[in-house]
> 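Sharing a structure below in structure tokens format, with a few things to ask.
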Amino acid sequence: MKHARVAGARRWTGALAALAAVGAAVPAVAQPLDPYQADAPPPLERGVAAALLARAELLLDGGDLRNAQQLAREALALLASGNAAEQPLVLRARAILARAGPGADMVPIDPPPTDPGAVPPGPAEPPPIAAPASVVRDGRRAALGYGAALGATLGGVLGAAAANEDSGSAGGAVAGMVVGAGAVGGLGYLVGPRLTDPQARLLGSAGVWGTVTLAAMADVVTGVDGTSASDVAWGATLGGAAGLGLGYALHRRRAYTAGDVALMDAFAGIGTLGGLTLGLALAPVEGEGYSLNVAIGAAGGWLIGMAAAPSVEASPARVLRIGAHALTGAAAPWILYPLLADSGSDDDEQAIGLLSTIGLVAGAYVGFRRTRGLHGEGVAAAATAGPSALLERSPDGGWRLGAALPRVERDRGAAPRTMLTLAAGGF
């Protein structure tokens, strides 16, 4: 019995081992083959390669060059045995690679993955708004205007000195004014592009009023016995040079606007005119008294304007209106002069001089009060005033002093003409 049970056990053990072997072999046959195995049957490799190439052609037609190129390369890797049956597939894969091109690897496919915990970037800052090209002006026009004024002042006194015109004809002075205005104004026009408009205004203003101040002081310091034209010419020349140096020093120290310089000019002009009218009211014994008043008024007014500029909102258009009010107030009393004229005394001139001084100050005050709110008129409004002219009007009705720059007009069939515009603007 024992031997029978042992034999039966052995039979069952062998049967179970055979079943295990069969069970182990069945899943191995039923599982799909891995096409990338090295020992895969060649027909299966060709089938996988054909499927990859079909997919690659679809991607290539859809514009996905990079993925199409990748699938074609994988298909070529499967077809590396060199079998003659694989040759059409190899040619097909190479055709796909040729169509994809050498730069297909650079074609983006999907956006790069983002970190879910990353903070999204905020809105991009808008780029800085640049000023329109028409608003940003160089100093050519201002340098031309101030240069002409400076040249006329210097040329006048130098021409008078050269002609020795102490008390005679003024022909030399007039000729000197014309030549000086043209020469210095032309030089300013050439140098103007190197400066901004406020810089050119500051240098020109300091040069002009420095010339006026020291030319008047030259008449004072030479005594009451008589002042020659050469003395005044030396004073004017030194004053112009000193004024230009002062303007350059101020430009390096602080940025002045066109309105600031216009305010300096206005106060200097009011001071000069006030010095003359006050001298008329005081009736000095010697003529040097008038010169002293002019020197003090010009220099003092310019310095007062420089000190007041940071705290006064002014534009050239506003200052022009203030100056017009002051000039009107100074001129109004002279309407009464024919009624007060008296050839036997100086009382009439003194009275008119006093009234004119009061009117000058009152007119300037009224001008400041009536032009409040006009400081917003700046270069932007002036840029739309029209062609360059001596007197310019902006479309909103503001008037300003400009520079009559020469321009050349060419009509069809006619010779070019050089034109100067005295007044222009928009309406």
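Numbering of residues begins at 1 and proceeds along the displayed sequence.
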> Say you draw a straight line from CZ of Arg92 to CG of Leu53; how long is it, rounded to the nearest 0.5 Å?
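It is 5.0 Å, given to the nearest 0.5 Å.
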> Take Leu203 and Tyr146 through the side chain to side chain contact (heavy atoms under 4.5 Å, CB included) test and state the conclusion after the steps.
CA-CA 9 Å; Leu203 291 174; Tyr146 280 99; over 6 Å; no
> My understanding is that only residues two or more places apart in sequence, or in another chain, count here; which of them pass salt bridge (charged side-chain N to carboxylate O under 4.0 Å, His left out) with Arg194?
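Arg194: no salt bridge (charged side-chain N to carboxylate O under 4.0 Å, His left out) contacts found.
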> Quick check: closest heavy atoms across Val212 and Ala298, and the distance to 0.1 Å?
CG1-CB, 4.3 Å
> To the nearest 0.5 Å, how far apart are CG in Leu246 and NE2 in His251?
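Result: 13.0 Å between the selected atoms.
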> State, to 0.1 Å, how close Leu97 and Gln69 come at their nearest heavy-atom pair, and which atoms those are.
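For Leu97 and Gln69, the tightest heavy-atom pair comes out as CD2-CG, 3.4 Å.
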> Mind listing the closest non-hydrogen atom pair of Ser205 and Trp302 along with its distance?
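Taking Ser205 first and Trp302 second, the nearest heavy atoms are OG-NE1, 2.8 Å.
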> Anything under 3.5 Å between a donor and an acceptor, one on a side chain of residues 149-158, the other on a protein residue two or more places apart or in another chain? List them.
residue	atom	partner	partner atom	Å
Thr153	OG1	Ala149	O	2.9

> Side-chain polar contacts of residues 269-284 - donor-acceptor pairs under 3.5 angstrom, sequence neighbours left out - could you list them?
residue	atom	partner	partner atom	Å
Thr272	OG1	Ala268	O	2.9
Thr277	OG1	Leu273	O	3.2
Thr277	OG1	Gly274	O	3.1
Thr277	OG1	Thr357	OG1	2.8

> Passes side chain to side chain contact (heavy atoms under 4.5 Å, CB included), Val221 versus Met217? Steps please.
CA-CA 6 Å; Val221 298; Met217 284 301 299; 4.2 Å; yes
> Could you tell me whether the side chain of Ser356 and the main chain of Ile352 form a donor-acceptor pair under 3.5 Å?
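A pair under 3.5 Å: no.
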> Report yes if some heavy atom in the side chain of Val366 is under 4.5 Å from a heavy atom in the side chain of Arg369; otherwise report no.
no
> Under 3.5 Å, is there a donor on one side chain and an acceptor on the other for Tyr256 and Gln199?
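There is no such pair (donor and acceptor under 3.5 Å, judged by atom type) between the side chains of Tyr256 and Gln199.
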> Below 4.5 Å, heavy atoms only, C-beta onward: do Trp334 and Leu355 meet side chain to side chain?
no
> Could you tell me if Thr222 and Asp231 have a donor-acceptor pair between their side chains, going purely by distance under 3.5 Å?
no
> CH2/Trp209 to CE/Met264 distance, rounded to the nearest 0.5 angstrom?
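Going from the CH2 atom of Trp209 to the CE atom of Met264 covers 13.0 Å.
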> Could you tell me which residues satisfy salt bridge (charged side-chain N to carboxylate O under 4.0 Å, His left out) with Asp260, sequence neighbours excluded, listed by chain and number?
Arg254
> Minimum heavy-atom separation for Ala56 to Ala68, with atom names?
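That would be O-CB, 3.3 Å.
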> Evaluate the side chain to side chain contact (heavy atoms under 4.5 Å, CB included) criterion for residues Trp234 and Leu214: first the C-alpha distance (whole Å), next the side-chain angles of each, then the deciding distance (0.1 Å), finally the verdict.
CA-CA 9 Å; Trp234 275 108; Leu214 287 195; over 6 Å; no
> Can you tell me how far the CG atom of Leu327 sits from the CD1 atom of Ile322, to the nearest 0.5 Å?
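If we round to the nearest 0.5 Å, Leu327:CG and Ile322:CD1 are 13.5 Å apart.
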> Looking at every heavy atom in both Val312 and Leu263, which two are closest together, and how far apart are they?
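Reported closest heavy-atom pair: CB-CD2, 3.9 Å.
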> Is there a side-chain contact between Arg201 and Thr257 in this structure, where contact means two heavy atoms from C-beta onward sitting under 4.5 Å apart?
no
> Filter on ring pair (Phe, Tyr, Trp, His ring centres under 6.0 Å), then keep only pairs touching residues 272-292, sequence neighbours left out; what's left?
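For residues 272-292: none.
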> Work out which heavy atom in Ala299 is nearest to a heavy atom in Thr213; give both atom names and the distance.
N-OG1, 3.6 Å
> Would you say that Phe368 contacts His325 through its side chain, given a criterion of any heavy-atom pair below 4.5 Å between the two side chains?
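Answer no - side chains too far apart.
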> Please confirm whether the backbone N or O of Thr371 pairs with a side-chain atom of Arg318, one donor and one acceptor, at under 3.5 Å?
yes
> Run the side chain to side chain contact (heavy atoms under 4.5 Å, CB included) test on Glu74 and Leu78 for me, step by step, so that the C-alpha distance in whole Å, both residues' side-chain angles and the decisive distance to 0.1 Å come before the verdict.
CA-CA 7 Å; Glu74 292 180 5; Leu78 293 175; 6.0 Å; no
> For residues 170-183, which residue pairs qualify under side chain to side chain donor-acceptor pair (under 3.5 Å), counting only residues two or more places apart or in two chains?
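Of all non-adjacent pairs touching residues 170-183, none passes side chain to side chain donor-acceptor pair (under 3.5 Å).
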> Just so I know, are the side chains of Arg94 and Val90 near enough to count as touching, which here means a heavy-atom distance under 4.5 Å?
yes
> Around atom OH of Tyr365, are there more than 12 heavy atoms from other residues, nucleotides or ligands closer than 6.0 Å?
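Result for OH/Tyr365: open.
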> Considering only NZ, NE, NH1 and NH2 on the basic side and carboxylate oxygens on the acidic side, decide whether Arg372 and Glu313 come within less than 4.0 Å.
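The answer is no: the pair does not qualify as a salt bridge.
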